[in-house]
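Please read these numbers as outputs of a predicted model, since none were measured by experiment. Every chain is numbered from 1, with letters handed out A, B, ... down the list of sequences.
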Amino acid sequence: MLTVILPDGSRKQFDRPVSSFDVANEIGARLAKATVVAEVDGKMVDLHSPLPTAGEVNLRLLTKKDPEALAVMRHSAAHVMAQAVMRLYDGVQLAFGPTTGSGFYYDMRLEHPISEEDFPKIEAEMQKIVKADERFERRDVPRDEALALCRELKQDFKVEHIETGLADEKTLSFYRQGEFVDLCRGKHIPSTSHIGSAFKLLSVAGAYWKGDSDREQLQRLYATAFFDRAELDAHLEQLAEAKRRDHRVLGKQLELFTVSQLVGSGLILWLPKGAILRQTLEDYIKSELRKRGYEAVYTPNIGKVELYETSGHFPYYSDSQFPPIEMKDGERYLLKPMNCPHHIMIYQAKPRSYRDLPVRLAEFGTVYRFEQSGELSGMTRVRGFTQDDAHIFCTEEQVADEFRNCLEMTQTVLASLGMNDYRVRLGFRDPKSDKYVGGDAVWDRAEASLKAVCESMNLPDMSIEPGEAAFYGPKADFVVTDCIGREWQLGTVQLDYNLPSKERFGLEYIGADNHPHRPVMIHRAPLGSLERFVGVLIEHFAGAFPLWLAPEQVRVLTVSEKSDAYGREVEKLLADAGLRVTGDYRGAKLNAKIRDAQVQLIPYMFVVGERDRDNRTVAIRDRLEGDLKEPFPIDAAIAKLKEEIAAKTVRQVAAKQPAVAADRESQNEY
RNA sequence: GCCAGCGUAGCUUCAAUUGGCAGAGCACCGCAUUCGUAAUGCGGGGGUUAUCGGUUCGACUCCGAUCGCUGGCUCCA
């Protein structure tokens, strides 16, 4: 006797073997038809797989209204897409086909290079399979049988995967729909008709087998599916909208930055308006640094190769550096890829006492890294960038407080810009890799203290990720998502017991005991790189910056030439008050001037006509609120803006794109 | 670096029948208009169709190479 408990608490009893589908059918034929997948005691199961014959189970029947059901359907759609491709092209070898946060993909090998022109054909074939309403049938088989089956199907990747990735599995499951059979963990929808017609192939890309660039490159087909056409349309519209606020598009439109072929790829040229953004941010960071006891330093853009051999950067990252500049006498200089070795030289410029610590050396340091050409992207991935860098040299006892202060400063800075949507990633070493300097004991100590500090701070969405450490130490990265769903590391705080060590720079300070001791280093950059940060910031505000950051804060618009002289007077008063102001004195109509300023996302427009001239007032038009109606005396108008600037008020942040963001893979490929 | 796609005026707004005279809109410049909260009218300039080579009577269009960009993979101190 089986007792099934439904979410509403009601119970049903069965004395015959039943599946979740049978239970649904018992409740109602319509429910049975609408159910996509079931959850038994919290675990997802196929609708038609048998329930236990005795005892009690909690059963949830999931329909397309349940978000979990969507991922299951998309996974099934991935199978159907693979089936369609196999029908259209010969010799298809399947690799992995998981779902993602916003859709799914399938990696496969085939002779024919798939292009977007093939998408309609593939979609049409998928539609046929959906119409045929093929059932998804699961089969669990012992591993030797599974191997035999995959060999028979000539699926080399699946054979390899069973032999390596799934070496510990005793039985393996396959799913079949129609003629298509795939090694797969599941779960799946009952039959292909549940996919409906709201699916779309999105792009094709290369992807390495098992993510290994030394191995074969496969074709990856990206697609998405929804239960309703309207949801698909909304998703596609969101993608289009995200593209419109891409920092590369807005950067050009708003004249913030450019890249010149002649200067070189990945080298940002800051245009005057972009430079204002950057300067304003730098000034803000500088004021924070002063408050927090940092000292400013300046260091050159190159250093001898030996410096970076000692630090380890040169041997570890020689591939991603501009090659050394070689002098006639054999001296070699490197464009600096990091600021820390230079700052270490400053630390070492004189003997240090424990009384001096912590020493906090800050610099907006420009560094150069030769990123692979395929990686370059707008301002977010570049070959030359400036870090809001600083290095803290402190005693072991001071580490926790210093580290906490760095994290806290980063949080303060992000919060002041309305950037609340980020996650914190603790990058620890990968125990299997040998790319790290320093012994295990040092690393264990560093990771433990970093973890303890972070756990005491309630950081958002914190995760520990092995293999994400810097080669010299573990770190806490602040990771944000851009408008098309890509994650970027911005702020970072890194703990370093290695560069100070005897094997590297052998840093010392004299302790209270009059003996030399080894300091600990913290590397930190709240914004990370100015280039990347501004790129993300452009998308964060969709180009509509808060007043304190806006390159042009206010524009004076004259109603006609009759108010020209007064307009220029107002403009001068604003400029004298320290505001970034321009005036529009064209012969155009006011409506046209307003439209231009509005399109250029200017926070405030001061409209002046003859009435204003006579009353010494301005009519304020707020970018967000429109005409404020009541005219302001000039002084009051200036005071209003200065107040908003002083408070660094953030009035509006671009709407999030929920379907695009956080595209992390789910683990259902097997 | 790898896979795929795309390069037409300042513009990520785009057009140009099967290969047959490179064209609009916006922006820019000039003239007229003097206007009170999202585009005034008229006129004008602007192109070696990314670059180089090939096929052809003829190439924006077809083929090849190079450069650049885009999406993804790998990498990211």
Checklist entry - Which listed nucleotide (G72(B), U70(B), G36(B)) is nearest to the side chain of Arg248(A)? => result U70(B)
Next on the checklist: Which nucleotide wins on minimum distance to the side chain of Ser560(A), given the candidates C35(B), A77(B), U37(B)?
Outcome noted: C35(B)
Checklist entry - Can you tell which of G72(B), A77(B), U12(B) lies closest to the side chain of Val249(A)? => result U12(B)
Next on the checklist: Under 3.5 Å, is there any donor-acceptor pair linking the side chain of Ser203(A) to the base of A4(B)?
Outcome noted: no
Checklist entry - Between the side-chain atoms of Gln217(A) and the base atoms of C2(B), is any donor-acceptor pair under 3.5 Å? => result yes
Checklist entry - Can you find a donor-acceptor pair, distance only, under 3.5 Å between Arg109(A) side chain and C3(B) base? => result no
Checklist entry - Looking at the side chain of Gln372(A), which of G72(B), G1(B), A4(B) is the nearest nucleotide? => result G1(B)
Next on the checklist: Check this one for me: any side-chain N or O of Asn591(A) less than 4.0 Å away from OP1 or OP2 of A39(B)?
Outcome noted: yes
Next on the checklist: Is there a side-chain contact between Lys252(A) and the phosphate of U12(B), meaning an N or O under 4.0 Å from OP1 or OP2?
Outcome noted: yes
Item to check | Candidates A77(B), U37(B), A38(B) - which lies nearest the side chain of Arg595(A) | outcome: A38(B)
Checklist entry - Where the side chain of Tyr208(A) is defined as all heavy atoms beyond and including C-beta, which of G71(B), A38(B), C2(B) is the nearest nucleotide? => result C2(B)
Item to check | Closest to the Lys589(A) side chain, choosing from U40(B), A77(B), U34(B) | outcome: U40(B)
